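Keep in mind the model is a prediction, meaning the values are calculated, not measured. The sequence lines fix the lettering, A, B, ..., with proteins before strands; numbering per chain opens at 1.
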Amino acid sequence: MKEILTENLNPPQMEAVRRTEGPLIIFAGAGTGKTKVITHRIAYLLSLGVAPRSILAVTFTNKAAAEMKKRVIDLVSQRYHDIWISTFHSFCAHFLHFEASKINLDPNFLIYDFADQKNVVKDCIKELNIDEKNFRVSTIVNKISRAKDDLKFPSDMASEAEQLGDSFGITTSKIYELYQKKLKKAGAFDFGDLIMQTVTSLRQLPKMLEYYQEKLKYIMVDEYQDTNRAQYTLIKLLAAKHRNICVVGDDDQSVYSWRGADINNILDFNKDYPNAKSVKLEENYRSTPKILSTAYQVVKHNNARVDKQLWTKNPNSGSVIVLKAANENDEATKVVDLILLNAYKCKLSNFAVFYRTNAQSRTFEEAFRRVGIPYAIIGTLQFYERAEIKDIIAYLKLIHNPNDNVSFKRIINIPKRGIGKTSIGTLEKFAFLKNISIWDAIPFAAQAGLTKGAVNALNSFKQFIKTFLGSKDDISVKIISEKVINHSGYLKELEIENTPESKTKIENIQELVSAIGDFENRSPDKSLAGYLTQIALISDTDSLDESKDKVTLMTLHLAKGLEFEHVFICGLEEGLFPIGEYAFNNEELEEERRLMYVGMTRAKKHLYLCWAEERNVHGKTRWNMPSRFIVEAGFNHVLDETEQKLSSNKKNLQAKTFYKNTDNDNSDYNIAKDEAFLNIEDANPYKIGTVVLHPVFGKGKIIEQSGTGNNLKLIILFENGQWKKLLAKIANLTFI
DNA sequence: TAGCCCGGCGTTTTT
DNA sequence: CGCCGGGCTA
């Protein structure tokens with residue numbers, strides 16, 4: 001058994017599997033068989049006689065957890081199904097649920113998602129009379145979430161802000177404090193709370209901590225580079241006794257710092273565990289040598305990284321190509337053309353288009369529609385984020401817990417019951433003063449001054465919800481949901497609307513009902529509470545349905561972990577990718593670069609780097625320089641040629657559409673002539689060579705101009721070596 | 001109360 | 001340009 005488990009592994013993989021005792025860090029580069037190592041390691045532990053219940057493996061996504069579970073079970077036998085393989089969040093949710101009585105908690109807690117959080121923060125801002133203009137709701141939610149990622153309580157945020165004299169932080173800490181009170185009242189945790197509360201409880205209850213430390217003898221963490229402070233602390237606490245902690249990750253693929261992930265957790269692993277063994281998996285089974293070396297050229301520009309270089313036995317075929325477009329439509333057209341050119345030899349599901357921002361997807365969507373190529377946009381609006389789904393879920397949440405004000409407010413007037421903003425505002429204020437939930441305030445609606453119509457509507461709504469309250473634990477979630485949909489008037493309103501949109505909504509609701517049916521067939525805990533917990537923790541990024549033959553479109557962030565024959569990385573322009581208007585700080589730039597690296601290493605055979613000279617952003621045209629990442633990838637001539645073109649200013653300078661990096665296929669794709677830069681003589685003060693002062697970028701020299709009048713565009717080389725394309729009219733330049 | 005209009009704003013989002 | 005949210009009006 002032990003031999004069988006390790007015989008298909010390469011030497012470092014084998015070492016990683018066999019090193020079961022003591023701290024171990026596995027640097028697992030893209031496509032190096034990371035999941036294989038983790039699953040084999042679990043199987044190997046079991047073969048050594050380790051009890052399944054002593055093993056904990058944590059991942060970030062449900063998809064990864066499911067995949068891991070499946071592969072472990074494939075390797076060993078079914079009877080080992082009770083190994084704890086789950087996401088951080090579901091581990092903590094289970095922990096809190098299980099230990100609820102010991103930590104003085106209602107085990108039926110709700111889990112609030114981002115939208116719920118925003119609603120609560122909105123209420124807090126109103127209640128505290130804070131000027132909404134200066135405190136944007138999503139900014140506050142993010143700040144609160146970051147604080148939780150760092151295990152900071154409102155008081156911590158307050159004292160930190162006071163020390164810095166940061167008035168924004170002080171106000172945010174007040175919002176945070178009230179926010180926590182509201183969540184507590186509603187019996188809800190947000191995602192950050194799940195982790196933070198678990199850590200806090202374990203810290204406060206040494207006996208309980210000891211129990212878990214003893215129980216979980218072997219701990220594995222996947223995607224360790226993406227852990228935040230709270231997750232890091234959780235693992236450190238749990239592993240402190242046996243110290244059999246194995247972390248797997250790739251610092252080069254750390255792209256979530258903006259969500260609290262700290263790349264130093266992986267880079268400093270050896271500081272936390274000085275005797276840690278380190279294994280590097282560098283043999284790549286996915287990509288061609290060309291792709292790997294090109295990706296390495298880019299990522300090696302980063303300083304904050306452990307040096308490692310992927311290599312492969314794969315044959316040197318395929319290509320890495322730069323694709324230059326005149327504008328975003330041209331970019332999409334060229335991508336579509338190339339897919340059509342190559343589609344005869346492979347399936348559409350072998351193609352993926354990556355972009356930095358969701359807004360870029362529209363152009364591609366239009367282009368794909370135009371030629372009738374099936375496509376799937378991943379991640380724009382997830383199933384459980386759709387309004388109609390959230391509405392039905394809100395009904396279920398309210399049935400589960402009528403004190404859930406967020407859900408109450410969401411559906412009180414959906415379908416329309418004639419209870420508008422004013423009524424609900426009045427009732428809410430009343431509830432607030434009496435320190436009760438809105439639900440409990442309904443009997444006082446008339447007293448609170450609501451109109452007769454509103455009072456009646458509220459009462460019949462209450463009656464409707466009440467019909468479920470007594471029996472919610474006895475009838476199935478599916479039946480509850482069907483009753484809600486049919487008897488609340490929700491479905492009827494959609495049917496009457498009878499638009500394409502409303503029809504889609506009805507379909508989605510039907511899909512939800514069948515998903516609930518699935519839940520009841522699968523889940524051991526079939527209660528309404530169990531269902532709500534489950535859906536709160538799942539997203540459907542795994543809705544990537546590989547059975548359908550479609551081109552995949554997604555942001556680079558979502559691409560991590562996936563692979564495709566043909567990968568198009570689009571919008572490779574300064575300011576878009578790397579993103580940002582002004583100069584980066586180096587950390588941010590390095591993260592952008594890692595994102596580029598992630599994108600590039602998704603490609604198995606063909607990698608296309610696309611950029612457009614001109615792009616419509618927020619309704620305005622922007623002129624972009626090619627991304628430094630294209631240059632770093634070794635295509636210096638893209639920049640050289642652009643600069644040359646800018647400085648020589650010759651009409652009809654010939655520009656090759658593709659800059660080939662291999663001698664292989666696609667050489668038949670034709671070269672487009674480019675006339676983007678015309679030589680316009682024009683009486684204006686912005687002569688080429690003039691030195692100007694820009695309020696943000698400082699001193700610079702005009703090296704190019706195009707357009708006339710209001711449309712006069714200048715390309716200015718600034719002192720720090722950056723060049724920017726600016727519209728003369730709005731650039732606010734002064735002559736010096 | 002509900003629907004319309006206008007102004008502001010505009011990365012990425014595993015749970 | 002297109003979305004969202006707030007405020008105004010029928």
Within the structure shown, what part of the strands sits under 4.0 Å from [X] by heavy-atom distance: base, sugar-phosphate, or nothing?
X	value
N616(A)	nothing
K416(A)	sugar-phosphate
G619(A)	base

I need the [atom1]-[atom2] distance between [X] and [N], as an integer number of Å.
X	N	atom1	atom2	answer
I195(A)	dT15(B)	CD1	C1'	8 Å
Q534(A)	dT15(B)	CD	P	12 Å
F88(A)	dT15(B)	CZ	P	13 Å
I111(A)	dT15(B)	CD1	P	12 Å
E587(A)	dT12(B)	CD	C1'	17 Å
H89(A)	dT13(B)	NE2	P	16 Å
K143(A)	dT13(B)	NZ	C1'	19 Å
L537(A)	dT13(B)	CG	P	20 Å

Mind checking side chain to side chain donor-acceptor pair (under 3.5 Å) for R615(A) and listing every partner two or more places apart, or none if nothing turns up?
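If we apply the side chain to side chain donor-acceptor pair (under 3.5 Å) test to R615(A), skipping adjacent residues, the hits are E331(A), E573(A).
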
Check side chain to side chain donor-acceptor pair (under 3.5 Å) between D525(A) and all other residues, then give those that pass, not counting sequence neighbours.
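Here the qualifying residues are S527(A).
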
Is the phosphate of [N] approached by [X] (side-chain N or O, under 4.0 Å from OP1 or OP2)?
X	N	answer
T422(A)	dT1(B)	yes
N358(A)	dT11(B)	no
T555(A)	dT13(B)	yes
S423(A)	dT1(B)	yes

Taking any atom under 4.0 angstrom from a heavy atom of chain A, which nucleotides of DNA chain C are the first and last to qualify, 5' to 3'?
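Terminal contacting nucleotides, 5' to 3': dC1(C) to dG6(C).
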
Tell me which nucleotide among [options] gets nearest to the side chain of [X].
X	options	answer
N413(A)	dA2(B), dT11(B), dT15(B)	dA2(B)
N62(A)	dT11(B), dT15(B), dT13(B)	dT15(B)
R136(A)	dG10(B), dT11(B), dA2(B)	dG10(B)
T61(A)	dT15(B), dG3(B), dT11(B)	dT15(B)
H557(A)	dT15(B), dG3(B), dT13(B)	dT13(B)
I579(A)	dT15(B), dT11(B), dT13(B)	dT11(B)

Any salt bridge (charged side-chain N to carboxylate O under 4.0 Å, His left out) involving residues 191-201 of chain A? Give me the pairs, sequence neighbours left out, ordered by first then second residue.
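For residues 191-201 of chain A: K148(A)-D193(A).
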
Would you measure the distance from the P atom in dT13(B) across to the matching atom in dC4(C) and give it in whole Å?
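The answer is 16 Å between these two P atoms.
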
Planes under 30° and centres closer than 5.5 Å, is that true for F60(A) with the base of dT15(B)?
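Here F60(A) fails the 5.5 Å or the 30° condition.
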
For dT11(B), glycosidic torsion class - syn if within 90° of 0, otherwise anti:
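With its glycosidic angle within 90° of zero, dT11(B) counts as syn.
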
With sequence neighbours left out, write down each residue that passes salt bridge (charged side-chain N to carboxylate O under 4.0 Å, His left out) with R417(A), or none if nothing qualifies.
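Not a single residue meets the salt bridge (charged side-chain N to carboxylate O under 4.0 Å, His left out) criterion with R417(A).
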
With the threshold set at 4.0 Å, does a side-chain nitrogen-carboxylate oxygen contact exist between [X] and [Y]?
X	Y	result
E127(A)	K182(A)	yes
K63(A)	E67(A)	no
R594(A)	E591(A)	yes

Enumerate, atom names and distances included, each donor-acceptor pair closer than 3.5 Å involving a side-chain atom of residues 89-97 of chain A, sequence neighbours excluded.
unit_1 : atom_1 : unit_2  : atom_2 : d
H89(A) : ND1    : F191(A) : O      : 3.4
H94(A) : ND1    : S90(A)  : O      : 2.9
H97(A) : ND1    : P107(A) : O      : 2.9

Base dT15(B) to side chain R259(A), donor-acceptor N/O within 3.5 Å cut-off:
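Pair found.
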
F629(A) and ring-ring contact (aromatic ring centres under 6.0 Å, His included): which single residue from F577(A), Y597(A), W611(A) fits?
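Of the listed residues F577(A), Y597(A), W611(A), the ring-ring contact (aromatic ring centres under 6.0 Å, His included) partner of F629(A) is F577(A).
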
Which residue lies toward the 5' end of DNA chain B, L595(A) or R417(A), if each is placed at its nearest nucleotide?
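Whichever sits nearer the 5' end wins; that is R417(A).
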
